[in-house]
Every structure is written in C-alpha cells, then in structure tokens.
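Working notes, structure below.
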Amino acid sequence: MNWLSALARGAEIPVFAVAGAQGLAPVEGLRRRPGLRLVDSPRHARVLLVAGAVDAAHKTALERLHAQLPPPRGTVWWQAAPLFARGEAVAGNDPLPAIRAAAEASDPDQRPDVPPHPWQGMGPHGQGGRGMMGGNPYGRPMAMTAEDIRDGLELDAYSARFGPFLPMLPPGLALDLTLQGDVIVSVTVVSPPFEQGVQGDAPDLCAARMLRLMGIGPRAARARGALMVLPKGSGMRRRLAAWLRGGTVAETPEPLSEALPGLEWAEAVLWLASFPPSQLRAVCMERQAA
Amino acid sequence: MTGIAMPLILVLLAIAFAVTMQRIGAKTEATWPRRAPFLGGGLPETHAWQRFHVRYYPMTLLFIAFEMEMMFMYPWAVVYVETGIVALAEMGMFLGILSVGILYGWREGVFRWQ
Amino acid sequence: MIAAALTLLLALPPLVWVAAMFDRIGTGRGAVLIGPLQNGAALLLRPNTATEAPDRLNRLLAPGWYLALALVGLSVVPLAPGVVASDISTGLVLWGACEALTVVVVFLHGWSPNAPLPLIGAYRYVAIGLPAMLLSMFVLIGAALPAQSLSVVEVVEAQREIWNVIRQPLGLPLFMALGLAITLRGPFDYADGAELAGGTSAEESGPALALWHFARAAMLVAFSAMAATAFLGGHLGPVLPGPVWLLLKTLVLMALSVAAGRFFARMPPARMLTFLWVVLLPLSFASLALVGVEVLP
C-alpha cells in the first residue's frame, strides 16, 4: 500500500468549515483555494475548520460535529477562540499552513462514548414495551405517527434539531424541526444565525450560496433559465435576480416559524438562502426578544 | 447461453471488486458520538427509519399504468414495420388514453407533493 | 465475446478517470490529470464510518450494485461489428432493467445508513427517477423501431445510412435527461445534492465514498456509450476502426453530460416532477410518433 500512500500525499485536504460570527465571507474565500477542498459533510472531511467566533452556547454542538469526523482528524480555529482543547488557533489571514499541519494530527474524541439513551425495553436490542414501537432500540426510540398539515394522512413525524452548523442553512441557525416525509410541519428557532457584518450580505456571495444549492455556478446563472426553476410567487426569483445584477436585497423575511411550515425541504432551504444573513438574524432576534 | 451468463459474471466481478476495496481503509472502533447521524451539531429524537410520508404516492399509480404499457411496447417495436399503419393507430390510441390520465392527474395535483 | 468483456473491464477504469477529469475541468483547482487519482487514493486510506444501527449488508453492497449495473449496461454495447460482451437479442430490455434497478440501488444507498439526510435524498430520488426512466424507454423504443429489433447490434446496423440523431432529433436530448438522472448529476441530482449535504452519501466516508463516486463515473461511461450507440451510430464511421469511433463518440457525450449538469439548475422536486410528466414525457411520445410515421413503408 506504499504507492497508495505516496499518491495520497498530494491530495487536496478535505475540510469541513464551520462559519462563526464574521466567518462566512472568509470561508467562501477558501472555496477556490488550491490544496484544500470544502466538503458538505464532516464524514467526508479530514480537518474541522472553525472560522470566526462561535459562542459557548454552541460548544456541545461543535463537539458533536468534531466527533463525526472519521479519525484521524484535526481541528483548526481560525480567528476564533478555541471552545475545547483540540487543534491549533490561527489569527492571520491564511489558515492553509495550519490546515496542512492539522491534516497530520489525530484528535481523540471529545464526547463521552455512551448511547444517546439507555437501551430500555424488553427485547435483547432494547425494543418492545408500548406496542411494537416502544423501548429505545440502539439508544433511540422509533418515530411515532402524528397529524400532517397537507393531506391529513397520519404517518411518522421526525423531530430533530437541525443545525447550527448544517452547510445548507445560514451558519449559526439552529431549528427544532418536525418533518413528515420531507415536508416541514413545525419550526422553532433555537438560535439565530451569526452576525456576518456587511461582507456577509455582499450580493455575489449571497448569490453564490443560493446557486450552489441549485447545483450551478454564477456563470450558468446568467442565463435567464436559472431563475425559472425557482417557485413563482415566493419572491426568490426577484431576490436572486437582484443579487445577480449586483444589487442588495433589503426585504424582511416573515418569521421562520410561520414561513417554513408547509414547505418541502428543498424549497425551505432555498427560501432561507434567498435572504441576506443580516435580515434573517434580525427577524430571529426580534422573535427571541418578544 | 454465454449471452445470458455474461451479465451475471460481470455482476459478480463488480460486487467482489467493491467489497474488496471497502476493506482497504483504516479500521477504527465506532464510538456512539461518532455514529450519530449528521445534523450539523444537532441531534434527532428518534431513529431516521420511519413510515416515511411519501408525498408522491398518487404519481406512482400513474407510473404503474405506463410501466405496464412499456411491456406491450417491447414486442410492438419488433413487429411495427411489418404491421404498419394498424400498429401505429393502435399504439397511438393506447398512448392517447394514458395521456388523458396524465392530464387528469395534473388537474388533481398528483405531481404537487401533497 | 470474452474478448469484448475483457476489453470493457480494461477500458472502464481509464474512462472513469477521464470522467473524473471532466468533472474537474473548469473548477479552477488545477491538477486535472493527477488530482482525481490523488483524492481517490486519500479517500481509500480513510476509515469507513459506522452509523447508529445501519443496514450493514445493504450499505456494504450498494456501491457494488451500482457499479454492477453500470458494467452490465455497458456490456450490451457492440464495440465493433459482431463484438458484444452480452450478445443477447433483447439488449435494450437489459439496459432498461439496469436503469430501473439504478433507482432501487440509489434508494438502498440512502436507506441503509439510518440517517435523516440520506433518507430524504433516497425518497425524493425515487420520485424523479421513475418518470425519467419511463421517458428514456420511450426514446429507446423509438431507436428500436427502424431496426425492427430490440438487439443493440441491430440498432447500430439500422443506422448505416443515417444516424438516429438526425432521423429522430428529439431522442438524444431526452435520453440525456435520463443520463443526468442515473449518474446523479446537476438538475437531476435529487439524491446527492448540496441542499442535503451530499444526500445519500452524506454519511459515507473513506472507501465506501470513493467507490460510490467510482460507480457513478462508471455509470456515466455506460450511459454515454449507450447513447452513442443508440443515437450516434455506435462503432459506425469512416476511415478509423469501429472501437475508436465508439470511444470518440462516448467521450463527446460524457463531456456533453458533464457540461449539461453544470449548466442547468436544479428545481425543487415537485416542480421537476410536474416538468417531467407534463413536458418531457409528452415530448417523448411526440418523438416516438414522429419516428413511427417516418419508418412506415
């Protein structure tokens, strides 16, 4: 396997980037850097890059993410105060040398090795109890039926906390979602997106983020067809068109807990990406203050 | 005979290759936090396997109608030129009737994820 | 026949490499030639990750099935007159079966890790994969009509005078839609898209991920070879030997598929479903009807 390792030595380092406060624009700047590749899932990554300050409330979430990188893994804190004692902190403009060093590192797990829930139940796998669906097989209960908002068919509802570091959501936004299939049934905002400053609202950056979710680059988007794929009447076409022209978007989104229920996952994600981070943050903060 | 055997041999080769390659990587023990599903730092309350609310189930019924139609189409394609205009008319009618099904389904919103 | 199968097995890895290079061109990262190999090697040396209570067998086998379907689909393509790996009289039906099973395999790949994002990817891919497959079979039947046979060899022979791409101009673009769907690409990538953080492969790492990408590229090769055979006359062509023509046409179609995947944007799935059933499927009926009228004596 020596030749395989020799070949692998020249590979790009797969990096999972977590954008903290003021971190979105610097992370976007890394996207075309040779020598590293930003990936969408920590499973694909070798190095966890935390760019920009993440407040201590998100420490557990960050530790969970850290644990999901397959070992060996490394951590880099770029313009961020380390929340736990792994990896190296860099303050300068270029995190690449630190990322290279982290790609040789091997962090141990940060979370304790215990199942999410004790395996309660009557069977050998923790199953049994209430009907067929009770107990905690493999540390978690099974999903149970609930009402649906679209067709009234009672099927299983999936409840989970999405974020705060999901790459398709604005960084920092954590939502408690209940899904029926891939349609969102209820939404609670747990934490608002991070402050990104003026840079985070830059039209080209916002457009690029939205277009990436649609699977194309900005050059392909110049064709009018790219706007046609967005649903009519949601304002997404108007906002994306404005960004593509180089203009800014100053619309205020509806509160998330009212706008998202009833949307299918892809529509919801595109809708969130069609607002600048500052506007989303403002509307989430308003809700929390009230 | 070999004509039928060849696809089977190729399937076996591909599976053997894939299973062997997956043994290359480094071995690690799987701890609980490592195994949690990726939700960007969030956690689910339940397992992901569920009676999934498939929003396109009326579409699959429409699909079955067309899939059965496809079965008739294979032999039809072979004898088409011999049979001539009759074959064209027959299949045209069949497809025409099924297409009304698409229009009806469209009106009823079966493609709309509801 | 065995020679043809060996040729395919030898030609597939380099063609997969070329497919990975096409994917890299224009991304601005350089190292077009060696980059895919290095990244692949690095992935192979990383560990596979377990998930909470996965379906282990299906998780292990899904990339293998995908690769197997690509290989079987490729095996019905004649490399030269009379040189076919799977020489059966119903090659088009076998290819259709590979298309249909691809939907099943991608579903299994998303189902097996027992995680939310892959599961959503799996279910919505089925919604889009089914009509896309239907559409492709209508245009392939269109290619079979002038040949009066379901044998891929006969389909090529029937194009001696004029290629199907000229005789049935709608066929190839519609078939490309299927190509994008079964290779999980661009506008039809409802399984592995960015809005699901990698979808069905979001939980995969190491060799399992490398193999999934390998199989996906192999499927691109198989699709391009099939499209070249059904619409561009396969191994037919002047001066150069047959296999060279087939290779050239396959490479052109691979490049076209990669370009199309980057140019067209992905719609929300419900919109795409409507578009497939209401626009593309009737177009394929129209294409079939035109071919039908044209080949009547």
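These numbers were taken from a predicted model, which means no experiment stands behind them. Naming convention: chains lettered A, B, ... in sequence-line order (proteins, then strands); numbering from 1 in each chain.
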Practice problem: Can you measure from CD (C/Q148) to CD (B/E82) and round to the nearest 0.5 angstrom? | Solution: 6.0 Å
Quiz item: Has B/W49 got more than 12 heavy atoms of other residues, nucleotides or ligands less than 6.0 Å from its CH2?
Solution: yes
Self-check item: Part of B/L10 within contact of chain C (heavy atom distance under 4.5 Å)
Solution: both
Quiz item: Taking C/D55, C/L43, C/L74 one by one, which has the highest count of heavy-atom pairs under 4.5 Å against chain B?
Solution: C/D55
Self-check item: Gap separating the CZ atom of B/R55 from the CG atom of C/L273, nearest 0.5 angstrom
Solution: 14.0 Å
Exercise. Might you confirm whether atom CH2 of B/W106 has over 12 heavy atoms from other residues, nucleotides or ligands at distances under 6.0 Å?
Key: no
Exercise. Using the side-chain contact (heavy atoms from CB on, under 4.5 Å) rule, take C/W277 and B/V110 through it: C-alpha gap first, then chi angles, then the decisive distance, then the call.
Key: CA-CA 10 Å; C/W277 278 97; B/V110 303; over 6 Å; no
Quiz prompt | Short side-chain to backbone donor-acceptor contact, B/Y56 and C/R124, under 3.5 Å | solution = no
Practice problem: Sort B/I85 into side chain, backbone, both or neither according to what part of it lies under 4.5 angstrom from a heavy atom of chain C. | Solution: both
Exercise. Of all the heavy-atom pairs spanning C/L145 and B/V81, show the shortest one and how long it is.
Key: O-CG2, 3.7 Å
Quiz item: Shortest non-hydrogen contact from B/A14 to C/L71?
Solution: CB-CD2, 4.3 Å
Exercise. Name the region of C/F275, side chain, backbone, both or neither, that has any atom closer than 4.5 Å to a heavy atom of chain B.
Key: neither
Self-check item: chain B contact via C/L9 - which portion, at a heavy-atom distance below 4.5 Å
Solution: side chain
Practice problem: Select one option (side chain, backbone, both, neither) describing which atoms of C/A197 are under 4.5 Å from chain B's heavy atoms. | Solution: side chain
Quiz item: Once you round to the nearest 0.5 Å, how far does CG of C/N114 lie from CD of B/Q50?
Solution: 10.0 Å
Practice problem: Between chain B and each of C/I88, C/L119, C/I2, count heavy-atom pairs under 4.5 Å; write down the option with the most. | Solution: C/L119
Exercise. Check whether B/E67 gets within reach of chain C through its side chain, its backbone, both or neither, counting any heavy atom under 4.5 Å.
Key: both
Quiz item: Taking the six-membered ring where the residue is Trp, are the ring centres of B/F52 and C/W111 under 6.0 Å apart?
Solution: no
Self-check item: Atom pair CE (B/M59) and CD1 (C/I128), whose distance is rounded to the nearest 0.5 Å
Solution: 7.0 Å
Quiz item: What residue in B/W76, B/Y74, B/F17, B/F38 has the most heavy-atom pairs under 4.5 Å with chain C?
Solution: B/Y74
Quiz prompt | Shortest non-hydrogen separation from B/M6 to C/A85 and the atoms involved | solution = CG-O, 3.3 Å
Practice problem: Side chain from CB out, backbone as N, CA, C, O: work out which of these in B/L62 comes under 4.5 Å of a heavy atom of chain C, or both, or neither. | Solution: both
Quiz item: B/L12 versus chain C, heavy atoms under 4.5 Å apart: side chain, backbone, both or neither?
Solution: neither
Quiz prompt | Residue part contacting chain C, namely of B/Y80, when any heavy atom lies under 4.5 Å | solution = side chain
Quiz item: Of the listed residues (C/L67, C/L150, C/L117, C/L130), which shares the most heavy-atom pairs with chain B below a 4.5 Å separation?
Solution: C/L130
Quiz prompt | Heavy atoms from other residues, nucleotides or ligands near CZ of B/F94 exceed 12 (cutoff 6.0 Å) | solution = yes
Quiz prompt | Closest-packed option against chain B by number of heavy-atom pairs under 4.5 Å, given C/R46, C/E203, C/E154 | solution = C/E203
Practice problem: Over all heavy atoms of both residues, which pair between B/S99 and C/F285 is shortest? Give the atoms and the distance, please. | Solution: OG-CE1, 3.4 Å
Practice problem: Report the option among B/V54, B/L95, B/L13 that has the most heavy-atom pairs separated by less than 4.5 Å from atoms of chain C. | Solution: B/L95
Quiz item: Non-hydrogen atoms of chain B under 4.5 Å away: do they reach the side chain of C/V293, the backbone, both or neither?
Solution: both
Self-check item: Contact winner vs chain B - C/L288, C/L60, C/L276, heavy-atom pairs under 4.5 Å
Solution: C/L60
Quiz item: Below 4.5 Å, heavy atoms only, C-beta onward: do B/F66 and C/M137 meet side chain to side chain?
Solution: no
Quiz item: Which bit of B/V11 comes within less than 4.5 Å of chain C, counting heavy atoms only: side chain, backbone, both or neither?
Solution: both
Self-check item: chain C contact via B/T31 - side chain, backbone, both or neither, heavy atoms under 4.5 Å
Solution: neither
Exercise. Give the member of C/A218, C/G292, C/A202, C/G206 that has the highest number of heavy-atom pairs under 4.5 Å with chain B.
Key: C/G292
Quiz item: Which value, rounded to the nearest 0.5 Å, describes the distance between C/L44 atom CG and B/M21 atom CE?
Solution: 4.5 Å
Quiz item: Hey, does B/Q22 have a side-chain heavy atom less than 4.5 Å from the side chain of C/L211?
Solution: yes
Quiz item: Do the side chains of C/T49 and B/R35 get nearer than 4.5 Å, heavy atoms only?
Solution: no
Self-check item: Closest-packed option against chain C by number of heavy-atom pairs under 4.5 Å, given B/A77, B/A48, B/A18, B/P75
Solution: B/A48
